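Sequence lines set the chain letters: A, B, ... in the order given, protein chains first and strands last, and positions in each chain run from 1. Nothing here was measured: the structure is a model prediction, and the numbers come from that model.
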Protein chains: 2
Amino acid sequence: MIARLECADRLDELQSAIEWLRDHYAIEDMVYHWVSSNGEQYGCGTYDPKWVVRYLEKGYLRIDPVVIGCYQRFHPVDWKRLDWSSKAARAFQKDAADHGIGNQGFSIPIRGPNGQFALFTVSHTCGDEEWDSFTELNRRDLILYAHYFNQTALRLEPGRKPEPTQQLSPREVETMTLLAVGYSRAQVADTLNISEHTLRVYIESARFKLGALNTTHAVARAMSRGQIVV
Amino acid sequence: MIARLECADRLDELQSAIEWLRDHYAIEDMVYHWVSSNGEQYGCGTYDPKWVVRYLEKGYLRIDPVVIGCYQRFHPVDWKRLDWSSKAARAFQKDAADHGIGNQGFSIPIRGPNGQFALFTVSHTCGDEEWDSFTELNRRDLILYAHYFNQTALRLEPGRKPEPTQQLSPREVETMTLLAVGYSRAQVADTLNISEHTLRVYIESARFKLGALNTTHAVARAMSRGQIVV
DNA sequence: CTCTGTCTCACCATTTCTGGGGAGGGGAAA
DNA sequence: TTTCCCCTCCCCAGAAATGGTGAGACAGAG
């Protein structure tokens, strides 16, 4: 959910391609999940703009089982196989249906270098058999499109403009990593065989590079940007 | 570079498929970058085992421009377009050539939910024109194979067993999320309109559920398990 | 060969977090 | 209905983190 605007001149391409796909497959909706935390749309899709606005306003990003489910998944997934048991999820499902979202869906997660995350989704209203045969027949194509579309969209994601992700030094990476696995400052310093004072220098410089307000924030940012891996 | 062993029974499949690909495309090497931080091999490829061992011993993971370049890239990349300018990179390039690695290569990065990272690489020894026409003709297939192979390999990566994930309560999720974006305890309490004392109860119960040693650890775990999204 | 970045060490005072307690109301599930 | 979990509130003292400043050595890049 981090952004870097590298080249914004491709959105038209995406839009026309997505409409071509929609006609070609006779599928109602084919869409990105425009997963920008600040609400800006950076992907493009065929959903009703009203639904997009409502989705963001209601904070459905944190409720939608499609997003939640795909966020921890490797592979493409059919909506039927997600967890719709919670009350919030059911309310969301109903609201989505009321806004004309298909009852069937298939989503493919894609990730970027700095923890960016996007979904390529096709959805439709039909029965299970019809849907299953569609997804099976077109699985390869969908994966390919997801690959192209999402990765382009990820590059287009708005948010932070110039702030080129500052690389952390090796020591800073070690520091952040050990903090992320629960070590206290004293323990980290001990593990790295340096004084706690030195350690603090690393934490502060990492915090500075990451634009973080405190240690927890710094670790969280380093993780979400993929600069440390835990 | 994280691991979760979900099903190890597919390695054979991968191996035979990769050999089929190798024959089919008449390509010398087609390989994973077995990117396991502990040195265990979890992918499979057609490189000489001696080279694999040497690669790991020498710590080439942190030098190899293919790995470094793809790690911050969205799209597949031809080796020619990478940065081979540093001294270490040239030394690596020579060593690789001495071990029979092709002079041409094409690598596709794929990522997993917890920052896992893998590469699908094809390489060969030939001239530029031949290579370019090969990659152009087979781009789609290569991307598809990369998708299937890498994601399977990522799931096979050794390391940690799947931990049963304790669900966090809504309040706990909010707490962890706000902490992850840099709020102090006082600010979080203020934002949620609760007393700081109450907030502490959430932090502690979240910490308990996540098996975390401190707040930073708890936030890191919640993030890496996808229980909060930042 | 300079310059930039990394790595290492030190002190101060203040703020913040942590780890123990205990307690009541509400809702959902069994 | 009981039980379990979630939400809310309170106290205290010790431990840990933070913010600011300063400085020397060493390496690699231009």
Sub-3.5 Å pairs of nitrogen or oxygen atoms, protein against nucleotides 12-15 of chain D:
unit_1: D:dC12; atom_1: N4; unit_2: B:Arg200; atom_2: NH1; d: 3.3

(message) Suppose we screen for salt bridge (Lys or Arg N to Asp or Glu O under 4.0 Å). Which residues come up paired with B:Lys50, at least two apart in sequence or across chains?
(response) none

(message) Please confirm whether the shortest side-chain N or O distance from A:Thr215 to OP1 or OP2 of D:dT18 is below 4.0 Å.
(response) yes

(message) For a 4.5 angstrom cut-off between non-hydrogen side-chain atoms, does B:Phe106 reach B:Pro76?
(response) yes

(message) Using the side-chain heavy atoms of A:Ile194, tell me which of these nucleotides is nearest: C:dT8, D:dC7, D:dT18.
(response) C:dT8

(message) Between A:Lys209 and C:dT6, is there a contact of a side-chain N or O with OP1 or OP2 at under 4.0 Å?
(response) yes

(request) Could I get the full list of ring-ring contact (aromatic ring centres under 6.0 Å, His included) partners for B:His197, not counting sequence neighbours? (result) none

(request) Output, in order, the C-alpha distance, side-chain angles, deciding distance and verdict of side-chain contact (heavy atoms from CB on, under 4.5 Å) for A:Arg171 and A:Ile194. (result) CA-CA 11 Å; A:Arg171 268 325 211 191; A:Ile194 54 176; 3.7 Å; yes

(request) Please state whether the phosphate of C:dG5, meaning OP1 or OP2, lies under 4.0 angstrom from any side-chain nitrogen or oxygen of A:Arg171. (result) no

(request) Give a yes or no on whether the backbone of B:Gly211 and the side-chain of B:Arg221 come within a donor-acceptor separation of less than 3.5 Å. (result) yes

(message) Side chain of A:Glu196, heavy atoms from C-beta onward: which of D:dT8, D:dA17, C:dT18 has the nearest atom to it?
(response) D:dA17

(request) Check every atom of C:dT18, D:dT8, C:dC7 against the side chain of B:Asn214 and return the nucleotide holding the closest atom. (result) C:dT18

(request) Step by step, work out the side-chain contact (heavy atoms from CB on, under 4.5 Å) result for B:Gln227 and B:Val173. (result) CA-CA 7 Å; B:Gln227 297 182 337; B:Val173 171; 5.9 Å; no

(message) From CD1 of B:Ile203 over to C1' of C:dT16, roughly how many Å is that when rounded to an integer?
(response) 11 Å

(message) By nearest atom, which of the nucleotides C:dC9, C:dC7, D:dC7 is closest to the A:Ser195 side chain?
(response) C:dC9

(message) Classify B:Ser205 by what it touches in the nucleic acid, base, sugar-phosphate, or nothing, heavy-atom distance under 4.0 Å.
(response) nothing

(message) Strictly below 4.0 Å: does B:Tyr202 bring a side-chain N or O up to OP1 or OP2 of D:dC6?
(response) no

(request) Evaluate whether atom CZ of B:Phe92 has more than 12 neighbouring non-hydrogen atoms of other residues, nucleotides or ligands under 6.0 angstrom away. (result) yes

(request) Go through the structure and list residues passing side-chain contact (heavy atoms from CB on, under 4.5 Å) with B:Asp95, not counting sequence neighbours. (result) B:Trp51, B:Arg54, B:Tyr60, B:His99

(message) Taking the basic N atoms (NZ, or NE/NH1/NH2) and the acidic carboxylate oxygens, is any pair closer than 4.0 Å for A:Asp190 and A:Arg185?
(response) no

(request) Return the nearest nucleotide to the side chain of A:Arg207; candidates are D:dT18, C:dC7, C:dC9. (result) D:dT18

(message) Quick check for you: among C:dT6, C:dC17, D:dT8, whose closest atom lies nearest to any side-chain atom of B:Arg185?
(response) C:dC17

(message) It should be established whether A:Thr198 places a side-chain nitrogen or oxygen under 4.0 Å from OP1 or OP2 of nucleotide C:dC9.
(response) yes

(request) State, yes or no, whether a side-chain contact exists between A:Ser107 and A:Trp79 at a heavy-atom distance under 4.5 Å. (result) yes

Which atoms of nucleotides 24-30 of chain C (N or O only) lie under 3.5 Å from a protein N or O atom, and what are those distances?
none

(request) List the steps, then state whether side chain to side chain donor-acceptor pair (under 3.5 Å) holds for B:Asn103 with B:Gln93. (result) CA-CA 9 Å; B:Asn103 65 328; B:Gln93 192 176 28; over 6 Å; no

(request) Report the C-alpha distance between B:Ser205 and B:Glu172 in whole Å, list the side-chain angles of each, state the deciding distance to 0.1 Å, and finish with yes or no for side chain to side chain donor-acceptor pair (under 3.5 Å). (result) CA-CA 8 Å; B:Ser205 75; B:Glu172 287 158 358; 2.5 Å; yes

(request) In whole angstrom, give the distance that lies between atom CG of A:Leu199 and atom P of D:dT18. (result) 10 Å

(message) How bent is the helix from C:dC1-D:dG30 to C:dA30-D:dT1, measuring the angle between the end axes built from five pairs each, rounded to 10°?
(response) 80°

(request) Could you state the atom-to-atom distance from CG of B:Leu168 to P of D:dC7 in whole Å? (result) 10 Å

